[in-house]
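A quick write-up on the structure given underneath.
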Amino acid sequence: MAGHIVAVVGGKGGVGKSVFAANLAIAYLQEFKQRPLIIDLDLNSLGDQNLILGQNPSRSIIDVSRMTGGIYDPKTLAPFMVNAPAGYSFIGAPRDAILARDLDMDGLGKFLKAAPGIFPLTVVDCGNGTDPSAMKVFEYATAIFVVTTGDVIVVNQTKRVIGKIQELLFPNEMVQIILNRYTPNQIVNPQIVSKNLNRPIFGAIPEDTAVCDSALAKSTPLLVGMPGTPIARAYHDLVRKIAQTNLLDSLAKLKKPTGVAAKLAQATAAAATGGSGAADGSKEGAAQNLLSKGGSSGPVDAWTLMKMKIHKSLVEQMDLKKMSAENSNDPRQKSILRERTQKAILDILAKEDPGTLLASRESRAQMLKEVLDEALGLGPLEDLLSDDSVTEIMVNARDQIFVEKAGKPTLSKVTFTSEQQMMNVVERIVTPLGRRVDEKSPYTDARLADGSRVHVIIPPLALRGPTITIRKFPKKRIQPEDLVNFGSMTSEIAEFLKVCVEGKLNIVVSGGTGSGKTTLLNVLSNFIPATERIITVEDSAELQLGQEHVVRLETRPKNIEGEGEVSIRDLVKCCLRMRPDRIVVGECRGGETFDMLQAMNTGHSGSLTTLHANNPREALGRMEALVMQAGFDIPVKAIRETIASAVGLIVQQSRLMDGSRKITHITEVVGMQGEVVSLQDIFVFKQEGLDKKRKVVGRFVPTGFIPKFVEEMEMKGMKISRGLFAAK
């Protein structure tokens with residue numbers, strides 16, 4: 001009967017996987033009286049097994065991989081391995097990192113293929129399990145034992161190791177978890193470890209520092225030197241469990257991918273020489289994907305594995321990255337590319353044997369859609385973007401995506417298969433805009449084709465992997481009536497704001513993050529008469545104006561050399577030379593506030609902008625602080641006088657506790673009283689409590705104050721009913 005290969009991988013350095021690998025093999029020897037083979041293929045540690053086993057072989061696995069003749073049996077292997085008196089055989093690692101480079105992957109594969117016919121059990125110490133040599137072992141292994149401990153950091157790194165193995169399409173069942181150094185009173189108990197790794201723990205080895213240290217000091221495996229200790233019995237229990245559950249014989253029937261090691265080696269070589277593969281296109285790009293820095297954290301189901309397999313075949317056939325870039329601005333070519341990709345996917349599906357997984361027409365159509373979305377679109381985000389009830393998408397990690405519906409965040413069932421898939425999506429978003437996200441620039445703001453705002457931040461700043469936040473752009477332009485229907489304001493307030501915009505009042509929309517400032521600014525901008533020339537300035541173009549005479553400007557970040565940045569302040573200065581009737585700035589968040597106030601004071605009345613503040617009084621303080629960022633040594637009183645003369649109205653937009661967004665204050669900037677800017681509320685929202693559904697109950701009420709600018713507007717022939725301001 002053919003033997004088995006067991007690959008042993010460490011979830012993190014220092015978890016004791018080398019000690020585990022050696023004693024697992026010896027426990028098998030002592031239980032079943034059959035000679036096992038131990039191979040040290042940890043090409044980073046280079047010789048730990050020599051110390052654990054007390055051996056000093058003159059040849060190594062490098063020499064075995066370069067054997068000529070291709071005949072493997074105990075006689076031909078004798079010069080390359082140690083046959084220990086205890087009854088096991090051992091092939092060591094090279095003693096020098098330079099020699100490790102001479103490993104012949106093809107020769108290693110041939111030897112691993114022959115090993116089960118020579119030894120009933122071969123245990124391979126594979127280091128961290130992510131090197132090409134480890135992947136070669138996985139291709140011939142029956143099982144992969146991942147050794148972890150009850151340590152938070154170790155468990156987190158173990159998740160990443162398991163994720164990388166799964167990304168390479170090795171069967172989920174191959175991976176078995178071993179909890180090493182277990183103590184009954186540890187805070188991170190086996191249940192917590194199992195829950196975080198999303199899989200059961202196959203076996204546990206207890207903590208026994210004294211026994212392990214003594215064995216290492218004597219260079220004798222603890223099962224040989226101290227066979228009666230509790231830790232030795234735990235190894236015997238583990239080996240008996242493997243036999244009783246028929247684990248290896250059942251796992252031997254699994255189908256494993258081939259050629260993974262070669263692609264990973266190719267990608268590693270490309271990285272070492274400074275080359276880079278296309279994230280989505282060439283064969284080199286497919287190999288580069290195997291080097292992704294993050295992976296799946298839980299087991300991948302059969303559907304996801306099939307999708308990954310189809311996508312992998314697709315990118316080997318088509319250079320999607322290059323083709324997408326070439327056709328990004330041509331709708332017709334994009335349609336042709338989608339048709340070609342769809343045909344290629346259907347051809348791959350016809351060659352695959354998915355069994356019952358894709359038996360129905362509906363399941364095949366769903367698989368086609370998901371692969372297309374991943375190859376040409378934004379992957380799992382496509383369905384969320386097409387859902388009109390979703391207003392915001394928040395990707396905290398590849399397997400945790402929250403969406404906002406009706407003002408409330410909820411956890412979505414949608415996930416990414418890997419962090420590499422996330423990075424592919426990020427690249428599709430930022431590349432057409434001339435922006436980038438990498439270790440040098442680990443965050444950026446961008447927008448989707450429909451205008452939705454996107455913020456991306458990646459490791460090392462984001463500790464859980466790439467983080468994506470998308471503020472969706474409404475497909476239908478928001479009208480004043482919509483805000484009235486939403487309860488954000490009343491029809492009377494809408495009419496009042498329309499008169500204020502038409503009357504060329506300078507308006508600042510103030511509010512917190514996600515309060516709806518940009519939406520309200522968009523509505524106010526559409527009140528501007530169509531006969532006027534409007535220039536908009538934004539970080540990411542979001543405003544959707546209905547007028548024809550509109551010039552839209554958008555900032556530009558630094559290029560890869562750190563040059564070429566164009567800020568909002570630069571654009572505000574530019575638009576002053578473009579004969580604007582109105583200037584609309586998406587948001588003031590820096591020195592551009594000074595230029596905006598100057599423009600408002602020098603003949604560009606009716607300008608609009610937003611800024612972050614919690615109430616109108618705080619909005620004034622924030623404007624002061626932002627003006628100071630302009631770098632001019634201006635007295636505070638002069639800044640306040642500038643604000644008082646420039647700003648006519650502050651509209652406070654707030655997000656309430658039930659998720660609803662409302663205008664809570666409409667406040668006139670009256671002028672200066674001494675050294676303080678005077679404000680007067682015109683309308684306020686009074687909250688009166690919550691209903692049975694925990695929705696905010698309240699009403700919009702006038703304060704009874706009639707704004708000073710009403711008389712000026714009446715002189716211009718504009719009609720405002722003074723009864724609108726009567727206190728109620």
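No hydrogens, no waters, no symmetry mates; every other heavy atom, side chains included, goes into these values. All values derive from a computational prediction rather than experimental measurement.
The shortest heavy-atom contact between Q34 and P120 is CB-CG, 3.7 Å. The two atoms that bring A115 and T122 nearest to each other are CB-OG1, 4.0 Å, heavy atoms only. Annotation for A252 and T142: closest pair N-CG2, 3.7 Å, computed over non-hydrogen atoms. The two residues P190 and I201 have their closest heavy-atom pair at O-CD1, 3.4 Å. Of all heavy-atom pairs between Q49 and A22, the closest is OE1-CB, 3.5 Å. For the residue pair M226 and S214, the shortest heavy atom distance occurs at CE-OG, 4.0 Å.
Side-chain atoms of N196 come within 3.5 Å of backbone atoms of I192 as a donor-acceptor pair (strictly under, hydrogens ignored). Here the side chain of D249 pairs no donor or acceptor atom with the backbone of N246 at under 3.5 angstrom. For R95 (side chain) and G47 (main-chain N/O), no donor-acceptor pair under 3.5 Å exists by modelled atom type. In this structure a side-chain-to-backbone donor-acceptor pair under 3.5 Å is missing from R464 to A397. Under the 3.5 Å distance criterion, the side-chain polar atoms of Q176 are matched with a main-chain donor or acceptor of E173. A distance-only check finds no donor-acceptor pair linking the side chain of E139 to the backbone of K136 [under 3.5 Å]. With hydrogens and angles ignored, the 3.5 Å screen pairs no side-chain donor or acceptor of N128 with any backbone N or O of G10. Side-chain N or O atoms of R59 include none that pairs as donor or acceptor with a backbone N or O of P94 at under 3.5 Å. The backbone N or O of P57 lies less than 3.5 Å from no partner atom in the side chain of Q55, so there is not a single donor-acceptor pair. Listed for the S441 side chain is no donor-acceptor partner under 3.5 Å among the backbone atoms of D438.
Separation of atoms CG (L29) and CG (L24) is listed at 11.5 Å; rounding is to 0.5 Å. To the nearest 0.5 angstrom, I153 atom CD1 is 8.0 Å from Q157 atom CD. Annotation: the span from F402 atom CZ to L411 atom CG amounts to 4.5 Å, rounded to 0.5 Å. Taking CE from M67 and CG from D104, the interatomic distance works out to 12.0 Å, rounded to the nearest 0.5 Å. Atom CG of N396 is separated from atom CE of M394 by 7.5 Å, given to the nearest 0.5 angstrom. Between F90 atom CZ and I38 atom CD1 the span is 7.5 Å, to the nearest 0.5 Å.
Classification of the F138-F170 ring pair by plane angle, with boundaries at 30° and 60°, yields perpendicular.
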Evaluate T415 against D399 for side-chain hydrogen bond (donor to acceptor under 3.5 Å, both in side chains), listing each step before the verdict.
CA-CA 5 Å; T415 62; D399 55 354; over 6 Å; no
Working for side-chain contact (heavy atoms from CB on, under 4.5 Å), residues N180 and V19
CA-CA 10 Å; N180 198 22; V19 171; over 6 Å; no
Go through L222 and I231 one step at a time and tell me if the side-chain contact (heavy atoms from CB on, under 4.5 Å) criterion holds.
CA-CA 9 Å; L222 63 89; I231 189 171; 3.8 Å; yes
Could you go through the side-chain contact (heavy atoms from CB on, under 4.5 Å) check for L381 and V395 one step at a time?
CA-CA 9 Å; L381 299 183; V395 184; 4.1 Å; yes
Evaluate the criterion side-chain contact (heavy atoms from CB on, under 4.5 Å) for residue pair L179 and I205; output intermediate values, then yes/no.
CA-CA 6 Å; L179 180 60; I205 305 298; over 6 Å; no
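Between the side chains of E207 and Y182, not a single donor N or O lies within less than 3.5 Å of an accepting N or O.
Using a 4.5 Å heavy-atom cutoff, the side chains of V8 and V146 are not in contact. When side chains are defined from C-beta on, L37 does not count as touching L121, because their heavy atoms never get closer than 4.5 Å. A 4.5 Å side-chain heavy-atom check between F111 and L77 finds at least one atom pair inside the cut-off. Side-chain contact between V456 and T467 is absent, with no heavy-atom pair separated by less than 4.5 Å. Considering only heavy atoms from C-beta on, I177 comes within 4.5 Å of I162 through its side chain. Taking the side chain as every heavy atom from C-beta outward, N23 and V224 never approach each other to under 4.5 Å. The side-chain heavy atoms of I61 and D40, taken from C-beta on, include no pair separated by under 4.5 Å. Counting only heavy atoms from C-beta outward, the side chains of V155 and T148 approach each other to under 4.5 Å.
Ion pairing between a basic and an acidic side chain is recognised when a charged N comes within 4.0 Å of a carboxylate O; K17 and D125 show such pairing.
Other residues, nucleotides and ligands contribute over 12 non-hydrogen atoms within 6.0 Å of the CG atom of L461. Surrounding OH of Y443 are at most 12 heavy atoms belonging to other residues, nucleotides or ligands under 6.0 Å away.
Geometrically, K241 engages F202 in a cation-pi contact defined by less than 6.0 Å to the ring centre and at most 45° from the axis.
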